[in-house]
2 protein chains.
Amino acid sequence: MDRAQIDQVRRFNRTVTERVGVLHDHYLGSDRPIGAARLLWQIGEEGQDVRRLRERLGLDSGYASRLLRSLEADGLVTVEPQPSDRRVRTVRLTAAGRAERAAIDGRSDELAGSLLEPLNTAQRARLVAAMADVERLLTAATVTLEAVDPGRPDAEHCLRAYAAELGERFQDGFDPARSLLPDPGELRPPRGEFLVARLHGEPVGCAGLKLPPGAPAEVKRMWVAPQARRLGLGRRFLAELEARAAGHGRTLLRLDTNKALDAAIRLYHSCGFQEVPAFNDEPYADHWFEKRLCSPRSPRS
Amino acid sequence: MDRAQIDQVRRFNRTVTERVGVLHDHYLGSDRPIGAARLLWQIGEEGQDVRRLRERLGLDSGYASRLLRSLEADGLVTVEPQPSDRRVRTVRLTAAGRAERAAIDGRSDELAGSLLEPLNTAQRARLVAAMADVERLLTAATVTLEAVDPGRPDAEHCLRAYAAELGERFQDGFDPARSLLPDPGELRPPRGEFLVARLHGEPVGCAGLKLPPGAPAEVKRMWVAPQARRLGLGRRFLAELEARAAGHGRTLLRLDTNKALDAAIRLYHSCGFQEVPAFNDEPYADHWFEKRLCSPRSPRS
DNA sequence: TCCATCCTCTGACTCTAGTCAGGCAATGCG
DNA sequence: CGCATTGCCTGACTAGAGTCAGAGGATGGA
């Protein structure tokens, strides 16, 4: 990693925490402790389970409970047991709570505005564009890839979403029964691997690797959730799968895809895959690709 | 201000504080309270006056003193009175303090590295570039402009720096006695105005406005410190002076400049100034500009 | 029915960060 | 020389943020 890059990141951190931090305290610290304000904000308009709330904000259960009671004492929220499971409690904003939340919202807007305010139009546009880039790439950097068993709930969630999306995007829908999709066992070691990508704990993508004995390795069921697109996740999946296939001694990786998936096709091209004649009878495939792998190396240089 | 822009800024704030904040705690919170760590860091290799230190970090004098004593107790710093003024005390790092500071430094590097680490080369380059943009523009937004008396120390500091720079850049040096530069009285209300730009309290630029009765308003002594260039400060000075001139009922603003100041000349062109024939006998001037002003409005739209 | 488990709440703590009022020594000005 | 000012230090506080252990009701399975 580049020294100049590290320095730039550090300067960025310093400037941003200073500037945003000071204003943050100025605007949001005014009324009520930030702990309470964050909680109030996270409850949202529709209400939340206490458990979920705690999890999202990473709070200790005792601490969360105390905060909730202080908000309750101020008449901003009501807490009542869920009908279905009376152990779980649901928080809802009262009218006063909604008003308070709107006020916090307004102050957040002011904060954002005060960052832009001293700048002229061109500078504003440039700052906002750069912020969008930073945000997108930092989000990309928080996504984690993990090899899991394809039978796990989050893996299955991704696979269902994958099938649903194919059903929507293919001209004639998608019937898993007609397809050559591997059964989960083929994507489980030692016959394959299965990766799940997570963002803040939520599964946002998956990719399978089939390692049939005596045949080239194959990419299967690669999917990225709509909210996680444009983060370079597809490219990252491919790089990771290539590394793993190479780690298993494979020298060729291949895949098939449907003509409706144009973004995927562009991705394969730009990742160095070459289009080749059909190597299977997959009825939903229109294009077949392969890529020759180098000898095993670390997953990312 | 644009709703979409505000939203983008808020998303940015959320993502950055989350991502950087978590890692910050992870890497820097390990060893000693952040207050102490920040102080240790700010002391720097050469040592500092306690007063300066406090000012930079915005600490209460009592609090700073306490932190210093705790560092002293750990053998990381020594505090001793300055010889010249024994009320002022100077902090210096001991060998152990230097080591600790280096450790903090290393962890800051790790933090920066961990932000980049999951990204590929192209993404890294893009992130770093966007961060540089954000940093530059946020810095630009922290610069404040203030109308001050040109006799004040920070104003005089700028004027000295201005003259020194002209001396360096003009082919034959710069002798203030030969120039038509106004005396400070001409840049003081009601005969004129004088602006100083400040970044974190330090003066980083100045610009004067001459309002001679019966003659067009004139820009004088505009200067931006090297460390504050590329922040759009010149453009901002001009906009502010135009607004003030218009506020005084003036409809024409003019200025002269030397051919060595090419960046300034580009600026005048791009801000809507037209080159005109010489309107004075300034021996150091090679170009003369003027701009017609609209009716008074708020300084910035 | 009993027991383990889950979810939330309570009380008793701790640690940081920071404020405020006053005190002491060094300094500078008249 | 006397006195106000400056710079730093100390003690006494406060508030926020969070931890930990345990209590107690609700639930589900054996």
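In what follows, every chain begins at residue 1, and chains take the letters A, B, ... in the order their sequences are listed. What's counted below: heavy atoms across the whole structure, side chains too, no hydrogens, waters or symmetry copies.
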Quick one: which of Arg10(A), Arg11(A), Gln5(A), Arg3(A) gives a side-chain hydrogen bond (donor to acceptor under 3.5 Å, both in side chains) with Asp7(A)?
Arg3(A)
Which nucleotide in the set dC6(C), dA17(D), dC9(D) lies at the smallest distance from any side-chain heavy atom of Val79(B)?
dC9(D)
Whole angstrom value for the distance that separates C1' of dG25(D) from CD of Glu80(A)
17 Å
Which residues, if any, of residues 37-55 of chain A bring a heavy atom under 4.0 Å of DNA chain D?
none
When the distance from CD1 of Ile34(B) to P of dA17(D) is rounded to whole Å, what number comes out?
13 Å
Looking at every non-hydrogen atom in both residues, tell me the closest pair between Trp223(A) and Val204(A) and how far apart they are.
CZ3-C, 4.2 Å
For Glu46(A), does the CD atom sit with more than 12 other heavy atoms under 6.0 Å from it, leaving out its own atoms?
no
Whether the side chain of Arg236(B) engages the backbone of Val143(B) through a donor-acceptor N/O pair (distance < 3.5 Å, no angle test) should be reported.
yes
Would you find a donor on one side and an acceptor on the other, under 3.5 Å apart, between the side chain of Thr90(A) and the backbone of Gln48(A)?
no
Heavy atoms of Arg89(A) and Val79(A) approach each other most closely as NH2-O, 3.5 Å
Looking at dC9(D), I'd like to know if its phosphate oxygens (OP1 or OP2) sit under 4.0 Å from a side-chain N or O belonging to Arg89(B).
yes
Which parts of residues 69-78 of chain B get close to DNA chain D, meaning a heavy atom less than 4.0 angstrom away?
Arg69(B)
If you define the side chain from C-beta out and look only at heavy atoms, does anything of Arg198(A) sit under 4.5 Å from Val148(A)?
yes
Just by distance, do the side chain of Asp149(B) and the backbone of Gly151(B) share a donor-acceptor pair under 3.5 Å?
yes
How many Å lie between CZ on Arg86(B) and P on dA26(C), as a whole number?
7 Å
Within the side chain of Thr139(A), is there an N or O that forms a donor-acceptor pair under 3.5 Å with the backbone of Glu135(A)?
yes
Hey, are Glu165(B) and Arg229(B) close enough for a salt bridge, meaning a charged N less than 4.0 Å from a carboxylate O?
yes
Looking at DNA chain C, which of residues 56-67 of chain A put a heavy atom within less than 4.0 Å of it?
Ser61(A), Gly62(A), Ser65(A), Arg66(A)
Output yes when Asp2(A) and Arg124(B) qualify as a salt bridge under the 4.0 Å nitrogen-oxygen rule, no when they do not.
no
To the nearest Å, give me how far apart CG (Asp85(A)) and C1' (dT5(C)) are.
12 Å
